[in-house]
Number of protein chains: 2
Amino acid sequence: MRATDVPAIRALQLFCDMSEHRFDALIRGAYVQVFPPGVELIREGDATDFLHILIDGSVELFAEWNGRETVMSTVRPVSTFILAATMRDARYLMSARTLAKSRIVLVPSTDVRHAFDADSVFARAVVAELATCYRSVIRYTKDLKLRSSVERLANYILRLHSRSDGASVFELPMEKRKLASLLGMTPENLSRAIKTLQPYGVEIDGAQVTLVNLPDLVKFSKPNTLIDGPDT
Amino acid sequence: MRATDVPAIRALQLFCDMSEHRFDALIRGAYVQVFPPGVELIREGDATDFLHILIDGSVELFAEWNGRETVMSTVRPVSTFILAATMRDARYLMSARTLAKSRIVLVPSTDVRHAFDADSVFARAVVAELATCYRSVIRYTKDLKLRSSVERLANYILRLHSRSDGASVFELPMEKRKLASLLGMTPENLSRAIKTLQPYGVEIDGAQVTLVNLPDLVKFSKPNTLIDGPDT
DNA sequence: CTCACAGATTGATAAATGTCAATTGACCAG
DNA sequence: CTGGTCAATTGACATTTATCAATCTGTGAG
């Protein structure tokens, strides 16, 4: 593990309040691996063995049924994924695949459960993290059920806009076909949805998004804290 | 609170392993209320004040956006709801409304968080419960994203079938328009989807479902443990 | 017992979304 | 450079799903 990895992990909400020696004990059993793009890290249905922490790169969580595949979410560094399966000691409900070259820390699930039992500060952090994850899936599902595909795209763009601190020019963080799947539509439909938003000042060239008429886009999108965050 | 209420609550996964005196302390601050059908118990966006436990009756969790409304899930007795918001001390993401006359126990959120901090057995149960909730929303979202409306209905019927211990005749647990919304379609479409399943031996008369050709229905539905449960 | 009402169904039609095929465009290996 | 590959786009069309309007039906109040 690199010298800079540990502080980055330590800074995560999940670990930041842990006592020094507990954290050290937990991280001691962990190890780092670097994966090229396109590697399937986790296969849905498999038994849980490691809590994963993405240090650098990009990972998608996806699910399959009957020959169909859909992106459920993407993981950005630095963050953990599949904590719920780890804590329940249950099978993975989603698969995970690297989208870019990625550095990933693997913490044995048994160590995590052990730390949870032994350290009440960590226990509280686990609950906070799980509750946050739960709430973000609820938001995602509300987005899917209550909005049309164009509305989902519009609000997604506004979320990206906030995430880049209100800059009017920013980048899409993934390929358009992945984004389409995440937003619950086909790539063809995403292309059309982008065109539909042109009258609201949305210009997308490659991965670069430019917003030239934010008020109109907001009026069209009707963003809502209880769907689009932040989580309060 | 009735004499029979406490044992029923005590039997829940969330409370069953708690020590006697911790449980008593938690339940002492709680109180019961009976609501007629159609009462809005929780309004999305409000601050969390109570953990709710449905003792008897029926409750739906729903969400709204831009004048649209959708059923997110239904709660059957005996179970808790909105644990995540309670633990995060955050605003509700969903509203709740009684579908039938319902007896509900309200436990002050601060008491729950207190018990979590003081009792590691309860803490473990909270994590197990949260992880289970998280996983069931993931399943629900997979169902929505990977399946067509007829496929969702078919698999829903099979889940009901398992829930009634494999009986070939059983009842729909809610009004068809609520079911339609839960399954992500309009009532009109649900009617048509039911007809579409007739060739697979699905007969629905009012709320009564009769399955006369289970093998064909299963072949059509392609149920999957990682979507339809059970959670392993 | 009967009427009124809300939910359920049906048919006709519209809108949203997906599929297929062809083309364009960007990027990387050689 | 340049050819090959894969993603993105576009157009034509099919399918799914929603909407609207018109019954039908079961249930509870009076």
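Below, chain A is the first sequence line, B the second, and so on; all start at residue 1. This structure is a prediction, so every number in the text was calculated from the model and none was measured. Keep in mind that the numbers below use all heavy atoms, side chains included, and drop hydrogens, waters and symmetry copies.
Closest approach of B/Arg152 and B/Arg147 over heavy atoms only: NH1-O, 2.8 Å.
Using a distance-only test at 3.5 Å, with no hydrogens or angles considered, no donor-acceptor pair links the side chain of A/Ser181 to the main chain of A/Arg177. Using a distance-only test at 3.5 Å, with no hydrogens or angles considered, no donor-acceptor pair links the side chain of B/Lys176 to the main chain of B/Ala207.
Aromatic ring pairs are classed by plane angle as parallel below 30°, tilted from 30° to 60° and perpendicular above 60°; the pair B/Tyr92 and B/His52 is perpendicular.
Rounded to the nearest 0.5 Å, atoms CG (A/Leu61) and CD1 (A/Ile42) are 7.5 Å apart. Taking CG from B/Leu106 and CD from B/Gln33, the interatomic distance works out to 5.5 Å, rounded to the nearest 0.5 Å. In this structure, the separation between CZ on B/Arg159 and CZ on B/Arg139 is 9.5 Å, given to the nearest 0.5 Å.
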For nucleotides 22-30 of chain D, which of its nitrogen or oxygen atoms have a protein nitrogen or oxygen under 3.5 Å away, and what is each distance?
none

Reading nucleotides 9-25 of chain C from 5' to 3' and marking B where a protein heavy atom lies under 4.0 Å of the base, S where only the sugar-phosphate is that close, and - otherwise, the string is SBBB----SBBB-----

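Between A/Glu175 atom CD and D/dT5 atom P there is a gap of 18 Å when expressed in whole angstrom units.
With sequence neighbours left out, the ring pair (Phe, Tyr, Trp, His ring centres under 6.0 Å) criterion links A/Phe50 to A/Tyr31.
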